[in-house]
Participant: 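Could you have a look at this structure, given as structure tokens, before my questions?
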Amino acid sequence: MRNFDQNSITQAVLERVAAAPDTRTRQISEALVRHLHDFVREIRPTQEEWAKGIAFLTDTGQMCTGARQEFILLSDTLGVSMLVDAINHDHQGAVTESTVLGPFYVEGPPEAALGSDISGDLPGEPMYVSGSVAAADGSPLAGAIVDVWHSDEDGYYDVQHSEDAADLVARARFRTDVQGRFHFWSIKPAAYPIPHDGPVGKMLEAQGRHPWRPAHVHFMIAAPGHEKLVTHVFVAGDQYLDSDAVFGVKDSLISDFTEQPAGTAPDGRTLDRPWCRLTYDFKLNPASEAAHRAA
Ligand code: BEZ
Ligand code: FE
């Protein structure tokens, strides 16, 4: 086959990838070729524009390190991470909704006892977080793993300051008690711009967009026989709830972080200054049949 024009080239590539031995690889390759060729036919790039596009992807890859994943930021800011999330979590109300993982999760976070203060020496308004983890029918899940991480009062995560595991702060792993409950202390997180000193930041600027995310606390919750939940709880009233740079906000995940006067907290701690309180109850979806088989 030779002499392809701007339409026949698509069919030629489709016929070539049809030889893929794995049917899923074939399906994905065919869709990629169809959509990519249609995209190029629609935008009709000049040679210089196409070279710029390739340079952008090259810069995105070269920006990636152990501590910086620019391709995740690209996926997030183009709404693809939330699209994949929506396709895979269509639970319609019975269980807690999910949202983006983001690039700041650390595998195997430090274990902490219920009631601990995970804020280290960080300055900020004290925040008391309590809640529960239950199955979809409301039955409590004892021993569920609750991973928590959030920004400091300036909007930075620990891993943006240091790659040293000893410096991890405002993140921890808790296990729910026999009633499926958890509680801990930290400081109230702030809204923050996603890292925007790389190609994704340039893209946002070129698209006339800001890089900000509304303030939130991340949760990753796991319990045997249930789907792992990756979500956040957002601070009600935040100015970026309707323009999150990564499209992650859902109404059900917005909560009042209620302001409390100085005094005695529910766990008996006495505070000499105002603090805030977040209470959130999570419900997990049962693991799918496929996940059970794979386990
Ligand atoms: C985050 O919430 O940590 C996050 C999510 C997406 C991109 C950047 C940060
Ligand atoms: Fe975050």
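Because the structure is a prediction, the values reported are computed rather than measured.
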Participant: Give a yes or no on whether Asp5 atom CG has more than 12 heavy-atom contacts from other residues, nucleotides or ligands under 6.0 Å away.
Facilitator: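 Atom CG in Asp5 is crowded, with more than 12 foreign heavy atoms closer than 6.0 Å.
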Participant: So which heavy atom on Ser75 is nearest to which on Ser81, and how close?
Facilitator: OG-OG, 2.6 Å
Participant: Compare all side-chain heavy atoms of Val106 with those of Trp149 and state whether any distance is below 4.5 angstrom.
Facilitator: no
Participant: Please examine the side chains of Met63 and Leu74, heavy atoms only from C-beta on, and report whether any two atoms are closer than 4.5 Å.
Facilitator: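 Leu74 vs Met63: side chains apart.
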Participant: With the side chain counted from C-beta on, respond yes when Met203 and Leu78 share a heavy-atom pair under 4.5 Å apart, and no when they do not.
Facilitator: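 Result yes, sub-4.5 Å side-chain heavy-atom pair found.
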Participant: For Pro110 and Leu168, which heavy atoms make the closest approach, and how far apart are they?
Facilitator: CD-CD1, 3.9 Å
Participant: Run the side chain to side chain donor-acceptor pair (under 3.5 Å) test on Thr10 and Arg41 for me, step by step, so that the C-alpha distance in whole Å, both residues' side-chain angles and the decisive distance to 0.1 Å come before the verdict.
Facilitator: CA-CA 11 Å; Thr10 305; Arg41 273 188 287 266; 2.8 Å; yes
Participant: If hydrophobic clusters are built from ILVMFWY residues whose side chains come within less than 4.5 Å, do Val230 and Val133 share one?
Facilitator: no
Participant: Taking the side chain as C-beta and beyond, is there a heavy-atom pair between Asp85 and Val100 under 4.5 Å?
Facilitator: no
Participant: Just how far is it from atom CG of Asp238 to atom CD1 of Ile254, taken to the nearest 0.5 Å?
Facilitator: 9.5 Å
Participant: If you round to the nearest 0.5 Å, how far is CZ of Arg173 from CD1 of Ile118?
Facilitator: 13.0 Å
Participant: Check whether any side-chain heavy atom of His161 lies under 4.5 Å from a side-chain heavy atom of Asp152, and answer yes or no.
Facilitator: yes
Participant: Under the 4.5 Å side-chain heavy-atom rule for ILVMFWY, direct or indirect, which residues accompany Ile54?
Facilitator: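 Members other than Ile54 - counting any ILVMFWY side chain reachable under 4.5 Å - are Leu36, Phe39, Val40, Ile43, Trp50.
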Participant: Quick check on ring pair (Phe, Tyr, Trp, His ring centres under 6.0 Å): which of Trp185, Tyr280, Phe184, Phe257 does Tyr128 satisfy it with?
Facilitator: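 It is Trp185, the one option of Trp185, Tyr280, Phe184, Phe257 that forms the ring pair (Phe, Tyr, Trp, His ring centres under 6.0 Å) with Tyr128.
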Participant: For Phe247 and Thr77, work out which heavy atoms get closest and say how close.
Facilitator: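 The answer is CE1-O, 3.3 Å.
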Participant: Does CZ belonging to Arg16 count more than 12 external heavy atoms closer than 6.0 Å?
Facilitator: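 Not buried by this count: 12 neighbours or fewer within 6.0 Å.
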Participant: Any sub-3.5 Å donor-acceptor pair from Thr99's side-chain atoms to Gly248's backbone N or O?
Facilitator: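 It does hold such a pair.
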Participant: Less than 4.5 Å apart, side chain to side chain, heavy atoms only: is that true for Leu73 and His196?
Facilitator: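 Answer no - side chains too far apart.
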Participant: Just how far is it from atom CG of Leu114 to atom CZ of Arg181, taken to the nearest 0.5 Å?
Facilitator: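 Answer for the CG-CZ pair, Leu114 versus Arg181, is 11.0 Å.
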Participant: Are Ser151 and Gln160 close enough that some pair of their side-chain heavy atoms sits under 4.5 Å apart?
Facilitator: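 They are not in side-chain contact.
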Participant: State whether the side chain of Asp154 and the backbone N or O of Tyr156 hold a donor-acceptor pair below 3.5 Å, judged by distance alone.
Facilitator: no
Participant: Are Ser119 and Asp117 linked by a side-chain donor-acceptor pair shorter than 3.5 Å?
Facilitator: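 Ser119 vs Asp117: donor-acceptor pair found between side chains.
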Participant: Over all heavy atoms of both residues, which pair between Ser130 and Arg277 is shortest? Give the atoms and the distance, please.
Facilitator: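 It is OG-NH2, 3.9 Å.
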Participant: Output yes when Arg213 and Asp76 qualify as a salt bridge under the 4.0 Å nitrogen-oxygen rule, no when they do not.
Facilitator: no
Participant: More than 12 heavy atoms of other residues, nucleotides or ligands under 6.0 Å from CD of Gln47: is that the case?
Facilitator: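 Counting neighbours around CD of Gln47, 12 or fewer heavy atoms of other residues, nucleotides or ligands fall under 6.0 Å, so no.
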Participant: If you define the side chain from C-beta out and look only at heavy atoms, does anything of Thr231 sit under 4.5 Å from Lys250?
Facilitator: no
Participant: Determine, step by step, whether Asp167 and Asp158 satisfy the side chain to side chain contact (heavy atoms under 4.5 Å, CB included) criterion, reporting the C-alpha distance in whole Å, the side-chain angles of both residues, the deciding distance to 0.1 Å, and the verdict.
Facilitator: CA-CA 7 Å; Asp167 297 331; Asp158 49 3; over 6 Å; no
Participant: Could you give me the CA-CA distance, side-chain angles and deciding distance for Thr258 and Asp256, then say whether side chain to side chain donor-acceptor pair (under 3.5 Å) is met?
Facilitator: CA-CA 5 Å; Thr258 53; Asp256 286 323; over 6 Å; no
Participant: Work out which heavy atom in Gly201 is nearest to a heavy atom in Glu70; give both atom names and the distance.
Facilitator: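 Closest heavy-atom pair between Gly201 and Glu70: N-OE2, 4.5 Å.
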Participant: Given side chain to side chain contact (heavy atoms under 4.5 Å, CB included), test Leu14 with Arg34 step by step and report yes or no.
Facilitator: CA-CA 8 Å; Leu14 287 174; Arg34 273 190 281 107; 3.9 Å; yes
Participant: Could you check whether any side-chain N or O of His37 sits under 3.5 Å from a backbone N or O of Val13, counting only pairs where one atom can act as donor and the other as acceptor?
Facilitator: no
Participant: Check the orientation of Phe282 and Phe219. Use parallel for under 30°, tilted for 30 to 60°, and perpendicular for over 60°.
Facilitator: tilted
Participant: Just verifying a value: how many Å separate Ile221 CD1 and Thr96 OG1, rounded to the nearest 0.5 Å?
Facilitator: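 Ile221 CD1 to Thr96 OG1: 7.0 Å, rounded to 0.5 Å.
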Participant: Atom CZ in Arg175, atom CG in Leu141: separation rounded to 0.5 Å?
Facilitator: 14.0 Å
Participant: For Tyr105 together with His218, are the ring centres under 6.0 Å from each other?
Facilitator: no
Participant: Given the rule in the side chain to side chain contact (heavy atoms under 4.5 Å, CB included) test, do Lys228 and Ile145 qualify, once you have shown the distances and angles that lead to the verdict?
Facilitator: CA-CA 10 Å; Lys228 184 188 282 181; Ile145 294 174; over 6 Å; no
Participant: Ignoring hydrogens and geometry, is there a side-chain-to-backbone donor-acceptor pair from Thr60 to Pro199 under 3.5 Å?
Facilitator: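 No.
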Participant: Quick one: side chain to side chain donor-acceptor pair (under 3.5 Å) partners of His150, sequence neighbours excluded?
Facilitator: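 His150: side chain to side chain donor-acceptor pair (under 3.5 Å) contacts with Ser186.
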Participant: Can Arg26 and Glu30 be said to form a salt bridge (charged side-chain N to carboxylate O under 4.0 Å, His left out), step by step?
Facilitator: CA-CA 6 Å; Arg26 174 180 168 174; Glu30 287 176 349; 3.0 Å; yes
Participant: Do Val159 and Met220 land in one hydrophobic cluster if side-chain heavy atoms of ILVMFWY residues count as linked below 4.5 Å?
Facilitator: yes
Participant: Is the shortest distance from a Lys or Arg side-chain nitrogen in Glu125 or Arg273 to a carboxylate oxygen in the other one below 4.0 Å?
Facilitator: no
Participant: Measuring from Asp251:CG to Phe234:CZ, what's the distance to the nearest 0.5 Å?
Facilitator: 11.0 Å
Participant: In this structure, would Val217 and Val146 fall into the same cluster of hydrophobic residues linked by side-chain contacts under 4.5 Å?
Facilitator: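 Linked within one cluster.
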Participant: Side chain of Asn285, backbone of Glu227: donor and acceptor closer than 3.5 Å?
Facilitator: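 Answer holds: no.
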Participant: Please check if Val33 and Ile9 belong to a single hydrophobic cluster, counting links between Ile, Leu, Val, Met, Phe, Trp and Tyr side chain heavy atoms closer than 4.5 Å.
Facilitator: yes
Participant: If you look at every heavy atom in Ala135 and His226, which pair is closest and at what distance?
Facilitator: CB-NE2, 3.6 Å
Participant: Under 30°, 30 to 60°, or over 60°: which ring-plane class applies to Tyr192 and Tyr157, parallel, tilted or perpendicular?
Facilitator: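 Geometry flag for Tyr157 against Tyr192: perpendicular rings.
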Participant: Tell me, with the steps shown, if Arg68 and Asp197 meet side chain to side chain contact (heavy atoms under 4.5 Å, CB included).
Facilitator: CA-CA 11 Å; Arg68 173 78 177 253; Asp197 55 344; 2.8 Å; yes
Participant: If Ile, Leu, Val, Met, Phe, Trp and Tyr residues are connected whenever their side-chain heavy atoms lie under 4.5 Å apart, and connections chain through other members, are Leu253 and Met127 in the same group?
Facilitator: yes
